[in-house]
Number of protein chains: 2
Amino acid sequence: MGYCCLMAVDREHVLRSAADLLTRRSTATMDEVAKAAGISRATLHRHFAGRDALVRALESLGIEECEAAVDAARLDDGPAGEAVRRLVREIQPAAGLLAFLYGESQLWEGEPQNDGWARLDARIGAVFQRGHQSGEFRVELTPAWLTEALYGLIASGAWAVQDGRVAARDFPTMVAELLLGGATRREES
Amino acid sequence: MGYCCLMAVDREHVLRSAADLLTRRSTATMDEVAKAAGISRATLHRHFAGRDALVRALESLGIEECEAAVDAARLDDGPAGEAVRRLVREIQPAAGLLAFLYGESQLWEGEPQNDGWARLDARIGAVFQRGHQSGEFRVELTPAWLTEALYGLIASGAWAVQDGRVAARDFPTMVAELLLGGATRREES
DNA sequence: CCAGTGTGAGACATTGACGTCTCACATGGG
DNA sequence: CCCATGTGAGACGTCAATGTCTCACACTGG
């Protein structure tokens, strides 16, 4: 009955367009989500029991994409700074979804957050810690804060791109260079 | 009838507690906002015609506090980096409100935004531009992006403080030093 | 004392989104 | 050909938040 493949493709497509829409308008209606996916609200409900289920599925998708980006970035290889640059580049396609989830996570107060985020926080925090230990990064900025700031800058960057204030091709530079080097100009070394 | 003074004080108090609450839970009910202010929902409606009016009043309050912080920071004086540090320090008390409004502004799509934001963007963007012209700041990072990133980092910092991931006393350092200097350690000059 | 004013409490209708259900239709496989 | 499965359209009922209204009460100044 083609359950695993056809359904999965459809579900994937629905998730993608829902992510696209909710990234722009995080309060979009189930109706709008359905229209955006080109299906009816009834069919949307057949895939996802309700809005909560949809958001939780998007959360899982976001975690998967982040993990994939972290894998692809090989955070343990080479200088920590280069690892962060690779991470930002790999994570750009998921930036919109991340921005949506970052805003949404401010609302889930009390509910136990998905373990996936804790795992990701640990993996990303580790690269900043490595930078500290190697003397590459400043010790005044804690790994927890740098991780938080990375999420925040990714969200800000995604919104700036969406509103046309930043070109999409400049996203990796803007985010990574600000996070790593800051605004102040380097002295020639 | 004491309209201008007594009403203003009450209105101010209501706005403050609404800002406190909505900073933590941006979807709080009018009922909850009223409880938080220690008044009834009816009285809340007597001060603010509806939720929209409340949010718009909070927006005006946020703009006022930002303008005050920008004034107090004397952005035109001294090195641009020091000006940004002063700005972050002055703006910290309003950081929670700013974070709420920053998230909310993602929803006002289409509606003409308050001129106040444009004025603030211009004033803050100017200090980054000044840093560019003086050679103090890197030209790869545009003033528009640095302004956006400043808002984003302030919001991230406010949330991190609220969740206890960063100490309130470290807020100015974390935000300003990341924005200006980035994570990479400076060579001794 | 008393009139005026602001307030709290609560009832009420409205609105918008949600979740469930039914039914007709189409498409594809046996 | 015919049946089955998935879909679209739409009609409900539900529920939470909102906005409006009324009424009783407390306080305050004349």
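In what follows, chains are A, B, ... by sequence order, proteins preceding strands, each numbered from 1.
Proximity of a side-chain donor or acceptor of A:Q106 to a complementary backbone N or O of A:G103 within less than 3.5 Å is not detected.
Nucleotide C:dG19 holds its P atom 13 Å from the CZ atom of A:F48, rounded to whole Å. For the pair B:M30 CE and D:dT20 P, the interatomic distance rounds to 10 Å; values are reported in whole Å. Across the protein-nucleic acid pair, B:D31 atom CG and C:dA9 atom P stand 11 Å apart, rounded to whole Å. Distance, B:R51 CZ to D:dG19 P: 9 Å, rounded to whole Å. For A:R25 and C:dA17, the CZ to C1' distance is 13 Å, given to the nearest whole Å. We find that NZ of B:K35 is positioned 15 Å from C1' of D:dA17, with the value rounded to whole Å. Atom NE2 in B:H47 sits roughly 13 Å away from atom C1' in C:dG8 (whole-Å rounding). One can place CG of B:L22 at 14 Å from P of D:dA17, the figure rounded to the nearest angstrom.
Between A:E136 and B:R185 there is no salt bridge, since no side-chain N of the basic residue sits under 4.0 Å from a carboxylate O of the acidic one.
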- [ ] Before giving the answer on side chain to side chain contact (heavy atoms under 4.5 Å, CB included), spell out for B:T43 and B:V14 the whole-Å C-alpha distance, their side-chain angles and the decisive distance to 0.1 Å.
- [x] CA-CA 10 Å; B:T43 305; B:V14 172; over 6 Å; no

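In the set D:dG19, C:dG8, C:dG19, D:dG19 carries the atom at the smallest distance from any side-chain atom of B:H45. Here the nucleotide nearest the side chain of A:A42, chosen from C:dC21, C:dG8, D:dG19, is C:dC21.
Contact of A:R41 with D:dG8 (side chain to base): no donor-acceptor pair of N or O atoms is detected under 3.5 Å.
Phosphate proximity of D:dA9 to A:S40: absent, as no side-chain N or O sits under 4.0 Å from OP1 or OP2. Side-chain N/O atoms of B:R46 include none lying less than 4.0 angstrom from OP1 or OP2 on C:dT7.
In this structure, B:W159 has its ring center under 6.0 Å from that of A:Y102.
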